[in-house]
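Below is one structure, written out as structure tokens; comments come after it.
We use all heavy atoms of the structure for the numbers below, so side chains are in, but hydrogens, waters and symmetry mates are not. Chain identifiers are assigned alphabetically (A, B, ...) following the order of the sequence lines, protein sequences preceding nucleic acid strands; residue numbering begins at 1 within each chain.
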Protein chains: 2
Amino acid sequence: MARRYDHSREELLQMAIQAARSLIIEEGTKALTVRKVATKMGYAVGTIYNLFNNVDDLIIHLNATTLDALHNNLTTIVFSGNVESDIKKLSHSYIDFTFQNLNLWNALFEHSLPKGETLPDWYNKKIDLLLNIVEAALAPLKTTISEEEIKKAARVLWSSLHGICSLATADKLKIMTKDPAIELSNSLVTNYIAGLQQFK
Amino acid sequence: MARRYDHSREELLQMAIQAARSLIIEEGTKALTVRKVATKMGYAVGTIYNLFNNVDDLIIHLNATTLDALHNNLTTIVFSGNVESDIKKLSHSYIDFTFQNLNLWNALFEHSLPKGETLPDWYNKKIDLLLNIVEAALAPLKTTISEEEIKKAARVLWSSLHGICSLATADKLKIMTKDPAIELSNSLVTNYIAGLQQFK
DNA sequence: TTGACAATTGAACATCGTTCATATAACTCT
DNA sequence: AGAGTTATATGAACGATGTTCAATTGTCAA
């Protein structure tokens, strides 16, 4: 059979990504195989390779939807203008997201490209958009800190939060309270921002 | 052939781990296969399964040697008693280590256990030993901060540093200077510790 | 010398990512 | 309407993977 036109190319792309998404949600990163994605779509293996270069390409597109979902989540937050409080809102949402989408979030970082390859520009732009949200929350500091410093602070907070979630979900730093990630991130945010402001 | 006794069980374990190590160093995580490890040792595939339960078990043992190497690296540092300066020494060593052992370090975090399984206790103890080093560097703060708070701070710093290295090596937050990881970690350490101390 | 034991082997199995010659549905043109 | 072209879809086939286990064979104690 060929050219069924049951679905447009765009629909097929979405179907493949959704199939991959549900596989990962239900069974984790290792459960994602090209054959299972194809079966779940009701198409043959080869079809996947009409849509994506290879399985890495598929995973990148899947991960992109996770970045989008996170982005949507974080943009619902309304800033008060109080930097510490706003950054805490962001970080709590981030932490909620990672714990509610554990397998999808792990897929973001467990995946590594074949050596030599780099992530596509459109993907990196999505990461920039997330950083922009943090920068926006830090914006009130502009009166006392340079634009450059704010960019740096956004990256520090973002990376650190990533590290906390990464170790809190995958492993165990669980010696703390019932919700170690929140606890650690609050400590990070409070003290880091206090440090930033004390030099004004 | 059988029972060659060319090597003791302990020797075989070390040979397997070393073979796996060099495969990852030279070619990255994806280049690690049971067959290649066996070939590199001069043994048959099946022998690996006399030594390890499965490939995950082998990787955990390999990763443990990486943790040991990092531990050895960090314990050579002599503390001055100045917390900020000592934590910076630690973080710079950590960053050096990750960049000089990129593939090994990535293997630590790219690897995920089959679902339901957890890391063995002896492995988690190695992580605790690393956290202990950070706690030791923070010890002078005991006069102004509770033991509990110091443990928390060690975990915040450790996780955050991990996050910074993770995003700096694998991806790109490269908008900053020639050495973004150092730059970000310095900002983290300076401001976080300033925050901790300002409440004394 | 013999028998029991333990270490080592590698063929076999199911599954994986990927390729590509083949088949056919849909569109174009006369 | 019919013929020719193009784009899409297929799935058998390939090489490589992790893992198992019956068979083989070196080593030791009796």
Side-chain angles (χ1 to χ4, degrees), chain A residues 1-24 26-63 107 110-117, chain B residues 1-17 19-21 23-24 26-63 107 110-117:
Chain A
M1 317 119 210
R3 189 140 187 184
R4 307 186 333 195
Y5 260 159
D6 291 357
H7 307 93
S8 70
R9 183 183 170 83
E10 184 52 37
E11 283 174 328
L12 287 176
L13 284 168
Q14 294 313 314
M15 287 166 67
I17 290 169
Q18 282 311 311
R21 249 179 78 88
S22 63
L23 281 171
I24 287 198
E26 287 156 24
E27 309 236 35
T29 318
K30 287 183 178 170
L32 178 68
T33 75
V34 180
R35 281 177 172 83
K36 282 195 220 163
V37 169
T39 303
K40 215 159 182 130
M41 297 170 62
Y43 278 75
V45 215
T47 297
I48 307 294
Y49 290 86
N50 296 336
L51 303 169
F52 304 97
N53 296 331
N54 47 46
V55 75
D56 288 306
D57 191 24
L58 168 56
I59 294 176
I60 289 172
H61 280 81
L62 159 65
N63 283 343
E110 279 172 24
H111 177 247
S112 74
L113 289 163
K115 62 174 216 173
E117 307 231 355
Chain B
M1 318 111 209
R3 189 141 190 184
R4 307 187 334 194
Y5 261 160
D6 291 356
H7 308 94
S8 70
R9 183 182 170 82
E10 184 53 36
E11 282 173 328
L12 287 176
L13 284 167
Q14 293 312 315
M15 286 165 67
I17 291 169
R21 249 180 78 87
L23 279 171
I24 287 199
E26 288 157 24
E27 309 235 37
T29 318
K30 287 183 178 169
L32 179 68
T33 75
V34 181
R35 280 178 172 82
K36 282 196 220 161
V37 170
T39 304
K40 217 161 179 126
M41 298 170 62
Y43 277 76
V45 213
T47 298
I48 306 293
Y49 290 87
N50 297 335
L51 304 170
F52 304 97
N53 296 331
N54 47 47
V55 76
D56 289 307
D57 191 23
L58 168 57
I59 294 176
I60 288 172
H61 280 81
L62 159 65
N63 283 343
E110 278 172 24
H111 177 248
S112 73
L113 289 163
K115 66 175 214 175
E117 307 230 354

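Taking atom OH of A:Tyr43 as the reference point, atom P of D:dT8 lies 12 Å away to the nearest angstrom. Rounded to whole Å, atom P of C:dT8 lies 11 Å from atom CG of B:Leu13. The CZ atom of B:Arg9 sits 18 Å away from the C1' atom of D:dG26 (whole-angstrom rounding). Remark: P of D:dT8 and CD of A:Glu11 are 14 Å apart, rounded to the nearest angstrom. A:Asp57 has its CG atom 12 Å from the P atom of C:dT19, to the nearest Å. If you take NZ of B:Lys30 and C1' of D:dT17, they are 14 Å apart, rounded to a whole angstrom. When rounded to the nearest whole Å, the span between CG of A:Leu51 and P of C:dT19 equals 14 Å. What separates CD1 of B:Ile48 from C1' of C:dA7 is a distance of 14 Å, to the nearest Å.
B:Leu32 CG to B:Glu27 CD: the interatomic distance, rounded to the nearest 0.5 Å, is 11.0 Å. Of the inter-residue distances, the one linking B:Lys30 atom NZ with A:Asp56 atom CG reads 4.0 Å to the nearest 0.5 angstrom. Atoms CD and CG, on B:Glu10 and B:Leu13 in that order, are 5.5 Å from each other to the nearest 0.5 Å. To the nearest 0.5 angstrom, A:Asp57 atom CG is 10.0 Å from A:Leu113 atom CG. In this structure, B:Lys40 NZ and B:Arg21 CZ are separated by 12.5 Å, a value rounded to the nearest 0.5 Å.
Closest of all the heavy-atom pairs between B:Leu58 and B:Ala20 is CD1-CB, 4.3 Å. The two residues A:Ile48 and A:Met41 have their closest heavy-atom pair at CD1-SD, 3.7 Å.
Sequence order on DNA chain C of the closest nucleotides to A:Ala31 and B:His7 puts B:His7 first from the 5' end.
Shown here are the side chain to side chain contact (heavy atoms under 4.5 Å, CB included) partners of B:Asn50, two or more places apart in sequence or in another chain: there are none.
With the end axes of the helix from C:dT1-D:dA30 to C:dT30-D:dA1 each set by five pairs, the angle from one to the other reads 10° at 10° resolution.
Looking at A:Lys36 and A:Glu26, no side-chain N of the basic residue comes within less than 4.0 Å of a carboxylate O on the acidic one, giving no salt bridge.
Using a 4.0 Å heavy-atom distance criterion, B:Leu12 is classed as a sugar-phosphate-only contact.
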Using nucleotides 18-21 of chain D, report all nitrogen or oxygen pairs with the protein that are shorter than 3.5 Å.
unit_1: D:dG18; atom_1: OP1; unit_2: B:Val34; atom_2: N; d: 3.4
unit_1: D:dG18; atom_1: OP2; unit_2: B:Val34; atom_2: N; d: 3.0
unit_1: D:dG18; atom_1: N7; unit_2: B:Arg35; atom_2: NH1; d: 2.6
unit_1: D:dG18; atom_1: O6; unit_2: B:Arg35; atom_2: NH2; d: 2.9
unit_1: D:dT19; atom_1: OP2; unit_2: B:Tyr49; atom_2: OH; d: 2.7
unit_1: D:dT19; atom_1: OP2; unit_2: B:Val55; atom_2: N; d: 2.9
unit_1: D:dT19; atom_1: O5'; unit_2: B:Tyr49; atom_2: OH; d: 3.3
unit_1: D:dT19; atom_1: O4; unit_2: B:Arg35; atom_2: NH2; d: 3.4

